[in-house]
Amino acid sequence: MNSKLDPRIAVYTGTFDPVHHGHMDVIHRGSKLFDRLIVGVGINPDKSTLFTIEERVELIRKVSSEYENVEVEEFHGLAVQFVRKSGARILLRGLRTLSDMEYEFTMSLMNLHLDPGIETVFLMAKEEFSHVSSSLLRQIAMLGGDLTKFLAPPVKDALIAKVTGKK
């Protein structure tokens with residue numbers, strides 16, 4: 001375990017099932033704020049995912065390849081443990097709505113208790129992304145709606161293939 005945590009390294013964690021433009025906005029903005037941004041793709045036991053963790057990692061790598069200081073890794077266990085293992089001092093989180101704020105506030109307080117050396121930094125979603133969620137996009141895909149405004153082409157194609165069973 002790294003004892004020296006670097007405040008210039010941030011970790012942005014989530015399930016990213018699938019990664020959408022709202023997530024990419026946080027990645028884009030985070031890549032400008034920190035010297036190194038690690039996108040940690042995890043498993044949330046309260047969520048069932050459509051894509052495997054390997055598929056989610058690969059999709060994020062495809063759509064974030066333009067950012068030289070962004071890395072994508074899968075992780076298992078607590079986000080705060082992954083942040084420390086990464087040598088980062090910052091856990092980056094995106095906020096869309098007031099209900100997100102309540103959830104994230106509780107999580108950030110718990111993370112602070114679990115590891116007082118890790119700080120949580122929040123980025124507010126831009127207005128055009130405040131209503132976008134992966135679960136909503138999965139529903140739209142299953143019902144044949146247009147996902148062009150919300151997903152990068154490789155992610156859109158993968159999601160449509162996944163819900164229709166076509167490769």
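Since we're looking at a predicted model, the values are computed, not measured.
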Could you go through residues 145-154 and list every donor-acceptor pair under 3.5 Å that involves a side-chain atom there, pairing it with any protein atom two or more places apart or in another chain?
{"unit_1": "Asp146", "atom_1": "OD1", "unit_2": "Thr148", "atom_2": "N", "d": "3.0"}
{"unit_1": "Asp146", "atom_1": "OD1", "unit_2": "Thr148", "atom_2": "OG1", "d": "2.6"}

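Of all non-hydrogen atoms in Leu5 and Gly117, the two that sit nearest each other are CD1-O, 3.6 Å. Closest approach of Ser108 and Thr120 over heavy atoms only: CB-OG1, 3.7 Å. Closest approach of Leu159 and Pro18 over heavy atoms only: CD2-CG, 4.1 Å. The minimum heavy-atom distance between Pro7 and Ile90, with the atom names listed, is O-CG1, 3.9 Å. Taking both residues in full, the closest heavy atoms of Glu73 and Glu71 are given as OE2-OE1, 3.7 Å, listed atom of the first, atom of the second, then distance. Closest non-hydrogen pair, Leu137 versus Val132, comes out as CD1-CG1, 3.7 Å.
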Stepwise side chain to side chain contact (heavy atoms under 4.5 Å, CB included) check, Glu58 with Glu54: CA-CA 6 Å; Glu58 186 56 35; Glu54 295 83 9; over 6 Å; no
Evaluation steps, side chain to side chain contact (heavy atoms under 4.5 Å, CB included), between Tyr67 and Met24: CA-CA 11 Å; Tyr67 305 108; Met24 291 309 300; 4.1 Å; yes
Worked check of side chain to side chain contact (heavy atoms under 4.5 Å, CB included) between Phe129 and Arg96: CA-CA 7 Å; Phe129 305 124; Arg96 296 171 302 172; over 6 Å; no
Side chain to side chain contact (heavy atoms under 4.5 Å, CB included) evaluation trace for Lys126 with Arg29: CA-CA 11 Å; Lys126 289 184 177 175; Arg29 292 161 60 199; 4.1 Å; yes
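Taking the side-chain hydrogen bond (donor to acceptor under 3.5 Å, both in side chains) definition, one finds that Asp6 meets it with Arg8, sequence neighbours left out.
Rounding to the nearest 0.5 angstrom, the gap separating the OG atom in Ser64 from the NE2 atom in His23 is 13.0 Å. Taken to the nearest 0.5 Å, the OG atom of Ser130 stands 10.0 Å off from the CG atom of Asp100.
Side-chain contact between Glu119 and Leu91 is absent, with no heavy-atom pair separated by less than 4.5 Å. The shortest side-chain heavy-atom distance between Glu74 and Phe82 does not fall under the 4.5 Å cut-off. At least one side-chain heavy atom of Ile160 sits under 4.5 Å from a side-chain heavy atom of Lys156. In this structure the side chain of Gln81 never reaches within 4.5 angstrom of the side chain of Arg84, judged on heavy atoms. When side chains are defined from C-beta on, Phe105 counts as touching Leu109, because their heavy atoms get closer than 4.5 Å. Between Ile118 and Leu112, every side-chain heavy-atom pair lies at or beyond the 4.5 Å cut-off. Between Val121 and Arg93 there is no side-chain heavy-atom pair separated by less than 4.5 Å. Counting heavy atoms from C-beta on, the side chains of Asp35 and Asn69 never come closer than 4.5 Å.
In summary, the side chains of Arg36 and Ser31 do not present any donor paired with an acceptor at a separation below 3.5 Å, with no hydrogens or angles considered.
Panel note: side chain Arg56, backbone Gly42; a donor-acceptor pair is recorded below 3.5 Å. Using a distance-only test at 3.5 Å, with no hydrogens or angles considered, a donor-acceptor pair links the side chain of Glu55 to the main chain of Thr52. No side-chain donor-acceptor contact under 3.5 Å links Ser86 to the backbone of Ala88.
Other residues, nucleotides and ligands contribute more than 12 heavy atoms inside 6.0 Å of the NE2 atom of His76. The 12-atom threshold is not exceeded at CD of Glu127, counting heavy atoms of other residues, nucleotides or ligands nearer than 6.0 Å.
Linking ILVMFWY residues whenever their side-chain heavy atoms come closer than 4.5 Å, directly or via other members, leaves Leu95 and Ile27 in distinct clusters. By the rule that hydrophobic residues join a cluster once side-chain heavy atoms approach within less than 4.5 Å of another member, Met110 and Tyr12 end up as members of separate clusters. When hydrophobic clusters are built by joining Ile, Leu, Val, Met, Phe, Trp and Tyr residues whose side-chain heavy atoms come closer than 4.5 Å, directly or via intermediates, Ile43 is grouped together with Val57. In the hydrophobic cluster analysis, where Ile, Leu, Val, Met, Phe, Trp and Tyr join through side-chain heavy atoms closer than 4.5 angstrom, Met107 is grouped apart from Phe16. Linking ILVMFWY residues whenever their side-chain heavy atoms come closer than 4.5 Å, directly or via other members, places Val72 and Phe34 in the same cluster.
Considering Arg138, Lys162, Lys47 in turn, Arg138 is the only one that fulfils the salt bridge (Lys or Arg N to Asp or Glu O under 4.0 Å) rule with Asp17. Leu92 pairs with exactly one of Ile38, Val83, Val11, Leu37 by the side-chain contact (heavy atoms from CB on, under 4.5 Å) rule, that one being Leu37.
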